[in-house]
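To keep things clear, I will list the structure first and then write my remarks on it.
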Amino acid sequence: MSTFVSYTIQAHITAFPKNQDEAVYLALKRASDAKLYPSLWQVVTGNIEPNETAIDAAIREVKEETSLQIKNIWTIPFVATFFNPYKNEIHSVPVFGFEVGYSEVIKLSKEHQDYKWLSFDEIIKLLQFPSHIEGTKIFNNFVLNKKNINIFKYK
C-alpha cells in the first residue's frame, strides 16, 4: 500500500519588469551534478523542515534559491501530486506564487546552474514536470488575473 505524504513545496516566481506590459516567470536549471533530475528546468521546489509550515518553507526556499526580495505571496488553488517509486509514496505538494522585484542578476544557490526570465508561453514550453506546467497555468490564468488577484493573497 502506498503512503500519502506532504514533505515538499512548489513555488512559482513572477516579476513585472519596468516598461513591460506582461509578467515574466522565473525558470531555474538544476545543477548538472544534482542527484535527482540533473540539468532539468523547473520552478522553485524544496522540503518542509520539522516544525515549519508549508508557507514558511516556500518563503525560505525562494530566498535561499534566488536571494530575491519578495513583494507578494499567493496560495495557488492547486495541490500538485507525484509518486516516488523508490519510497512507494504519493506526495501532495502545496503550491505558492510569489511576486518578486525584477532583477537581471540573481544569486543562485548551489542547487541550480542557470536561470531565465520568460514569458508565460516560453516557460510553459521549457518546464518539464507536468505539475510545474499546471501550477504555472493556474497561477497565470486564475490567480494573477485582475478579478482574482486578491482572493488568494497571503497576508
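All values below were derived from every heavy atom in this structure, side-chain atoms included, with hydrogens, water molecules and symmetry-related copies excluded.
Residues Val43 and Val62 are members of separate hydrophobic clusters, defined by side-chain heavy-atom contacts under 4.5 angstrom among Ile, Leu, Val, Met, Phe, Trp and Tyr. In the hydrophobic clustering of ILVMFWY residues, with side-chain heavy atoms under 4.5 Å counting as a link, Val24 and Leu28 come out together. Cluster membership for Ile48 and Val79, using ILVMFWY side-chain heavy atoms within less than 4.5 angstrom, is not shared. Both Ile151 and Leu144 are part of a single hydrophobic cluster, where members link through side-chain heavy atoms under 4.5 Å apart. Linking Ile, Leu, Val, Met, Phe, Trp and Tyr whenever their side-chain heavy atoms come within less than 4.5 Å puts Tyr115 and Phe98 in one cluster.
Partner of Leu26 under the side chain to side chain contact (heavy atoms under 4.5 Å, CB included) criterion, out of Ile106, Thr14, Leu118: Ile106 alone.
Residue Glu22 qualifies as open at atom CD: its count of foreign heavy atoms under 6.0 Å is 12 or below. Within a 6.0 Å sphere centred on CD of Glu64, other residues, nucleotides and ligands contribute more than 12 heavy atoms.
A donor atom on one side chain and an acceptor atom on the other are found under 3.5 Å apart for Glu104 and Tyr102.
Without hydrogens or angle criteria, Gln128 side chain to Trp41 main chain gives a donor-acceptor distance under 3.5 Å. A donor-acceptor pair under 3.5 Å is formed between the side chain of Ser119 and the backbone N or O of Glu122.
In terms of heavy atoms, Gly101 sits closest to Leu68 at O-CD2, 3.9 Å. Contact between Glu99 and Phe16 at its shortest, heavy atoms only, is OE2-CD1, 3.5 Å. Nearest heavy atoms, Gly135 versus Ile76: O-CD1, 4.2 Å. Residues Ala54 and Ile9 share a closest heavy-atom pair of O-CG2, 3.5 Å. Closest approach of Glu61 to Asn47, counting heavy atoms only: OE2-N, 3.6 Å. Here the closest heavy-atom approach between residue Ile70 and residue Ile73 is recorded as CG2-CG1, 3.7 Å.
Residues Asn88 and Phe83 are in side-chain contact: their nearest non-hydrogen atoms beyond the backbone lie under 4.5 Å apart. The shortest distance between side-chain heavy atoms of Leu127 and Thr136 falls below 4.5 Å. Looking only at side-chain heavy atoms (C-beta outward), Ser109 and Glu65 come within less than 4.5 Å of each other. Side-chain contact between Ile13 and Trp117: present, with at least one pair of heavy atoms (C-beta onward) separated by less than 4.5 Å. Between Gln113 and Leu108, the closest side-chain pair of non-hydrogen atoms is not below 4.5 Å. Looking at heavy atoms from C-beta onward, Lys29 lies out of side-chain contact with His112 at the 4.5 angstrom threshold. The shortest side-chain heavy-atom distance between Asp114 and Ser39 does not fall under the 4.5 Å cut-off.
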Apply side-chain contact (heavy atoms from CB on, under 4.5 Å) to residues Phe96 and Ile59 and explain how you reach the verdict. CA-CA 9 Å; Phe96 302 94; Ile59 292 167; over 6 Å; no
How far apart are the C-alpha atoms of Phe82 and Thr8, what are their side-chain angles, what is the distance that settles it, and do they pass the side-chain contact (heavy atoms from CB on, under 4.5 Å) test? CA-CA 11 Å; Phe82 70 91; Thr8 60; 4.1 Å; yes
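In this structure, CD1 in Ile124 is found 5.5 Å from NZ in Lys137, a value given to the nearest 0.5 Å. Within the model, atoms NE2 of His12 and CH2 of Trp74 stand 13.0 Å from one another, a figure rounded to the nearest 0.5 Å. Rounded to the nearest 0.5 angstrom, Ile123 CD1 and Gln42 CD are separated by 10.5 Å.
Under a 4.5 Å side-chain heavy-atom criterion applied to ILVMFWY residues, the cluster that includes Tyr37 comprises Leu36, Leu40, Phe129 as well.
Ring planes of Phe139 and Tyr25: perpendicular class, angle over 60° (limits at 30 and 60°). The aromatic rings of Phe142 and Phe152 lie tilted to each other, with the angle between the two planes from 30° to 60°.
Residues in residues 41-59 take part in these salt bridge (Lys or Arg N to Asp or Glu O under 4.0 Å) pairs, two or more places apart or across chains: Glu49-Arg60, Glu52-Arg60.
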